[in-house]
Every structure is written in structure tokens, then in C-alpha cells.
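Chain A is the first sequence line, chain B the second, and so forth, proteins listed ahead of strands; every chain is numbered from 1. As a basis for the values below, the full set of heavy atoms in this structure was taken, side chains included, without hydrogen atoms, waters or symmetry mates.
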Amino acid sequence: MAQVQVLSPDGSVQKVDRDSQEALQALRQTTALLAKAALKQEFPGIRLGEDNATDDGFFIDSDKDDAQVSADQLEDLEAAIKKFAKDDAKIELATVPLDEALAQASDDQFSNELIKAAAKDGQVAIYKVGDVVAVANAAVLTYADAIKNFKLLSVAGAYWQGMSSNPMLQRIYGTVFFKKDALEEDLKRRQEAKERDHRVIGNDLDLFFVDPKVGAGLPYWMPKGATIRRTIERYIIDKEVANGYKHVYTPVLMNLDVYKTSGHWQHYREDMFPPMDMGDGEQLELRPMNCPSHIQIFNHHIRSYRELPLRIAELGMMHRYEKSGSLSGLQRVREMTLNDGHTFVAPNQILDEFKSILKLMIEVYHDFDINDYTFRLSYRDPKNTEKYFDDDEMWNNAQTMLKQAMDDMGLEYYEAEGEAAFYGPKLDVQTKTALGNDETLSTIQLDFMLPKQFDLKYVGEDGQEHRPIMIHRGLVSTMERFTAYLTEMYKGAFPTWLSPEQVKLIPVKDDVHGEYADKLRNEFAAAGIRASVDHRNEKMGYKIREAQTKKVPYTLVVGENEVNENKVTVRKYGETEQITKTKAEFLDQILADLATYSRED
RNA sequence: GCUGAUUUAGCUCAGUUGGCAGAGCACUUCACUAGUAAUGAAGGGGUCACAGGUUCGAAUCCUGUAAUCAGCACCA
């Protein structure tokens, strides 16, 4: 097997398999390094920030006095990198005194800071290529001539050291492979990811739109998108009601005082729409979360321990003033409807309730055939007392309990600081969008804080008042995000039960067979199936094509043979095989499909 | 919000040096009556994102605003 030589920052050199992950990472790191050298050569005086290999490529940050590096300069940069590689540019590793390294980086403030941060005992390991000096923070290839099959993909802004209070540098993203085939495959994969994008499919299939003229981040659901949403909503409400949840409806507007009590106004104000001043001293607020609303439901009666766990649920519409740059199709919007639920429990019920929520969530995921996700325990950032309620004991207690529950259930997870809600830690279920961005789909959150803020009580077995704990949970996220996620996962080819159009009937000759098609449609509709007849004055091939491009699960052609024998000719989406069967046989087939959520098992 | 790019018909996009606003798809009408991925013809459709400016003349050049996209930051 082919091998490559890899040089580590500690000075060791070893041979590794060219097909290994280690070699690929070194290749990415090396390409980033050459890109830095190319930048320095092409744009004298440019300042260079981080260079990093990532899971699917590499990036380099830079900053210039005049215009930043732009996308149309990437080709020239590629050529410059190729030249470095072709000349087999030597990457030198040296461990030098800090002041010497700083002197070599001259007046580049970003390189200087990186070098200072990397220094140990006054010494720092640096790589040198061309005129560039960069901190040696990862292994590179000893020979740069392996860098042939690469592409600089895009430019984008990125804050220096990831902090929005810092200046913004220009980040160049790229991808690189040892083999040409691998690069081409990677570029193809990136292209396909774009075709999976829910915004593209949403437009093609006419599911939804967002019109900036009537409001950014405020989506309109077209009939087909609305059908998908309605199906999800009916499914999840039925599922929750069957699992002991009490579904309610509560207003989207609420007196601002309530959000002052809850702490939203203090900790979440930036993400809230400004209050509406009603002129008589009353201020109304569009709710950014449903928890205070469900607390009102809890508080409406004196509660007994016998009622706990009390599970209040709602498809609650909320408004959040998301920053303009973060809006994205249905994934990030300013008006959203959350599959929300709040369980009020006694302290000794937390663990069981947490487990039962998780169990329900896994069941729901199974029905939607969602398998690609990871668990994240999201804790507060203890240093950030602005954002999170300042109560060490509460946080430590809640975070320990959450971790304990996950360990008890033997589930794998990772921990992330600074990802909690302002009122408590949470278990997040993380998925990836088509374009590879991480997002939270489901969440279960422990909350000791809001019950205290609202002075919630239940009467215990001992006749005394006790404080409940709230568990916030969203199983299928918001209707917006979940629909976006499913659209990408299924690539628009929704399973029959979710598909907005389940059956398309095509008469061979409309004036002869159209009536039979209508009759079938009505029978299917009576059986709860979404079917329609294509009566248009078009050739069959045209209608078949459209049924396929619109990803209708079942296309039924009816002509003379079918009318005479009360049959249908069935073509499933994505298949070319045509099967003629009786109407009853087809009904059995599609009803079985619906009953199993189109899953194989 | 920030960096960069973009914004032309319902959708996807052309539009040269500043000189009459374009195509494909979709839509409407007509003809064709069709057996599994596009029948043919004709027609309608535009405040060239918005507001200013330069110019005899602006889709095109300049300034500002908004939105969209890639990403960062933030987040369901």
C-alpha cells in the first residue's frame, strides 16, 4: 500500500498509509499551509489568521487593508498553490525562541498572537514555507508534491478567535485529496447536497415560500407543504395524547410582566420582538417560548401530588427576532410552531419521566425512520452569568442529574458547555442538515428555575406545599425545522403517509376514461387517501413525467383494459415497472403502506 | 448582526463598451385523442429589489437601504 511521510510538530517523521485518515488530515493541513504561502505571495502585506484541517477539508483566515480576498481570485490562488507544490516547496519545521518567531512574522498581528499563544517556555514550533511562518499545530506532509487534487471552494467571513467582538477575517474553504477520483467524488457529493437542500426542493415541489416583501423569516405554507405539516401535527398530537399528555391552546400574546417574572425579559430580550405598548400602561409581548403559558395552565388550579407527572402539551406558535444573517428557509425562521410539552414532576419522578420522554422520542424517530443523530448534554458556561441564571447549586444539581439519567440508560452522548437554555441544562438531539450544518432537532430540558420564579406548588401526600420541577421537551422540534429536516432526509420523496399527493390518476383518453378515474379518486378519498386525476389536455408521457418529478408515490394509469376489468396499472415512484392489479388489491397495498409508515421492517 | 457575493418574467437564468427588455420551463388559447419521463403552433406576462445620484441617455456606473446566498457569531 502506498505510504506518505508525515512530519509532526514535535519533529518526528513517520510513514503512514496514504489511505489513512491521518495522511488525509496531514494533506489538508499541508494544503492550508501552501495556501497561506500563496496568499502571502499574491497579496503582499496580507495578515494571516488560523489555518486548519477540518472533517471535510481545510480553511485559512486572512485579512487585508483594502478589499478582502474575493471568490473570483480563488483560481489565481489555486494556480499559485499548484506552483508551490510543483516546485516541491519544502516545509521546514523549526523550534525557535519566541522573539525570533515574532520577528519572522513581522507586523502581522494575527500571526503574532497565534505564535504567542503557542509558545511554551519561550520556545515555539513553527513551519516555514516560502515567506510564510505559521505555528506548527498539526502534522503535515514532508513533500508538498502530493498536493495536486484540490479546490478552493468559497470565501466567507469568520470572527478572529470565534468572538463576535473581534474583527472579522476572510476565510477561504477548500478540499483536497490524494487521488483525482476522490476529489471529483467529493465535489459531486457537495453538489448533491445542494440538490437535497430543503429550500431548493421546497421551491420545486411548491411546499412553502418566504417573501422578503411581506416579512423575512415568516414562511408561507403552500397547500402541499401544509398537508405535510398537518400530517405531522395530527400524528404527534395523537401520539402524545396516547402517552398521557394533555393538549391545550394558549395565546401567542401575553402581558410583558409575565416574561419579567420568567426571566425571559432579562436573559432572552435580544431574541424577542419589542413589546406592544397598548397606550394604557399595558404592554403585550409576542411569546418567544411557550413555558410561561403552560405555567398559567398549571397554576389555574391547586395541584395535588396525585396529578403528577402533569404533562401539558401544545403545538405552540412562537416568535423570535432572529438576526437577519441567521435566517435560512424553514430551518431558522422568526415565527415557528414548536411541538412543545412541559411535564410538572415531583423531585423523585424526574428520572422516570426523563426516561419515558426519551423512550417516546425514540419511538417517534422510528416512525419517521430517523436514524442519524447524536445526543448532546448541554451545560451552561459557568463564567457567563449574564446569559444564565446565577445559581451554582441549581446548575450543578440539574447537570449531575441529567448526566446520571443518560448513564443509567447506557446511552452515548457528548457534553457541551455554554449550550444550555438560560433556565437549565438540556439533552439535545443533534442532526445534520443537507449542507452539513449541525442543528438541534429534539430537546429535553430540566428546569428548577421557572417553578421557583413563578412560585409553583403542589400539595403533597403530607398535606404540605411542595415545589415541582419542570421538564421542557420538544420531540419533533418546530413544524418548520422538522419539515425542512424531513424534506432533506427524504430528498423530497416523502413516504406515502406524509406525501402531499399520494396517488396520481392518469386516464389514457380523458373523455373516455376520465370518469372512471374520477370514480376511483372518490373511492380513494373516502378511504383517507390523497388522490387526484390529471385531466389536462396533455400526452400521457408528459403526465407520467410530471408525476415522477413531483415524486408522487403511486401513479395509476387507467385506460380501456382497466375500465373493463375494474383494474388499475400501478407505477411506484422511482420505479419503471408497471403492475396491473384490481382496485381492491391496490387499496390493500396502499393501506398497508400507510399503516406501516412506509418502513421496510 | 458581521465579512464577501448576489438581486432581471411565477421558476431557472442570459443581457457585450451606458443606446428599443431576452431565452427555456410554467401559464392561456387552438389543433392533435394519446398505453408509461417533455406533441405542435400562437399568445399573455417586466417599476431590471428599493431610494437617491452621475449622464443627452442607466438593467449596466456611483452612494445608501432591504433581502437572499456562503460562512462566522447566535440558536429550535
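Within 6.0 Å of the OH atom in Tyr220(A), the count of heavy atoms belonging to other residues, nucleotides or ligands does not exceed 12. Surrounding CG of Asp372(A) are at most 12 heavy atoms belonging to other residues, nucleotides or ligands under 6.0 Å away. The neighbour count for Asp55(A) CG, taken as heavy atoms of other residues, nucleotides or ligands under 6.0 Å away, does not exceed 12.
Relative to the ring axis of Tyr245(A), Arg473(A) places its NZ or CZ within 45° and under 6.0 Å from the centre.
Nucleotide rG4(B) holds its P atom 14 Å from the CG atom of Asp61(A), rounded to whole Å. The distance between atom CD of Gln578(A) and atom C1' of rA37(B), rounded to the nearest whole Å, is 12 Å. One interatomic measurement links the two molecules: CD of Glu562(A) to C1' of rG35(B), which rounds to 8 Å at whole-angstrom precision. The distance from atom CZ of Phe59(A) to atom P of rU3(B) is 19 Å, rounded to the nearest whole Å. Rounded to whole Å, the distance from NZ on Lys509(A) to P on rU39(B) is 17 Å. Rounded to an integer number of Å, the gap from Asp206(A) CG to rA26(B) C1' is 11 Å. Across the protein-nucleic acid pair, Lys539(A) atom NZ and rA31(B) atom P stand 14 Å apart, rounded to whole Å. The interatomic distance linking Asn537(A) (CG) with rC27(B) (P) rounds to 12 Å, in whole Å.
For rU39(B) and rC32(B), the C1' atoms lie 7 Å apart once the distance is rounded to whole Å. Taking the C1' atom of each, rC11(B) and rU17(B) are spaced 32 Å apart, rounded to whole Å. rA38(B) sits 28 Å from rA21(B) when the C1' atoms are compared, rounded to a whole Å. Nucleotides rC48(B) and rG43(B) have their C1' atoms positioned 23 Å apart, rounded to a whole Å. If you take atom C1' in rA23(B) and the same atom in rA14(B), they sit 7 Å apart, rounded to whole Å. Taking the C1' atom of each, rG1(B) and rG46(B) are spaced 34 Å apart, rounded to whole Å. Spacing between rG45(B) and rA9(B) at atom C1', rounded to whole Å, works out to 6 Å. When the C1' atom is used for both rG22(B) and rG44(B), the distance is 16 Å, rounded to whole Å.
Across all strands shown, rU16(B) forms no Watson-Crick or G-U wobble pair with both key distances under 3.5 Å. Across all strands shown, rU33(B) remains unpaired; no Watson-Crick or G-U wobble contact has both distances below 3.5 Å. Judged by Watson-Crick or G-U wobble contacts below 3.5 Å, the nucleotide rA58(B) has no partner. Base-pair partner of rA26(B): not found among the strands shown (Watson-Crick or G-U wobble, both distances under 3.5 Å). Under the Watson-Crick or G-U wobble criterion, with both distances below 3.5 Å, rC72(B) is paired with rG1(B). Nucleotide rU6(B) has rA67(B) as its partner under the Watson-Crick or G-U criteria, with both atom distances under 3.5 Å.
Asp72(A) comes within contact range of no nucleotide atom at all, as no heavy-atom separation falls under 4.0 Å. Asp204(A) comes within contact range of no nucleotide atom at all, as no heavy-atom separation falls under 4.0 Å. At a threshold of 4.0 angstrom between heavy atoms, the contacts of Glu538(A) include nucleobase atoms, whether or not backbone atoms are also involved. Contacts of Thr555(A) with the nucleic acid, taken as non-hydrogen atoms under 4.0 Å apart, are absent.
Between rA26(B) and Tyr542(A), a contact under 4.0 Å exists linking OP1 or OP2 to a side-chain N or O. A sub-4.0 Å separation between OP1 or OP2 of rC27(B) and a side-chain N or O of Arg536(A) is present.
Between Phe586(A) and Phe524(A), the distance from one ring center to the other falls under 6.0 angstrom. No close placement of the Tyr554(A) and Tyr573(A) rings is indicated, their centers lying 6.0 Å or farther apart. The distance between the ring centers of Tyr423(A) and Tyr388(A) does not fall below 6.0 angstrom. Under the 6.0 Å cut-off for aromatic ring centres, Phe482(A) and Phe368(A) qualify, their centroids lying closer than that.
Each of Tyr573(A) and Gln170(A) was matched to the nucleotide of RNA chain B holding its nearest heavy atom; the match closer to the 5' end belongs to Gln170(A).
Donor-acceptor pairing under 3.5 Å is lacking for the side chains of Lys64(A) and Gln170(A).
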Sugar-phosphate or base contact per nucleotide [nucleotides 66-76 of chain B; S, B, -; heavy atom under 4.0 Å]: -SSSBBBBBBB

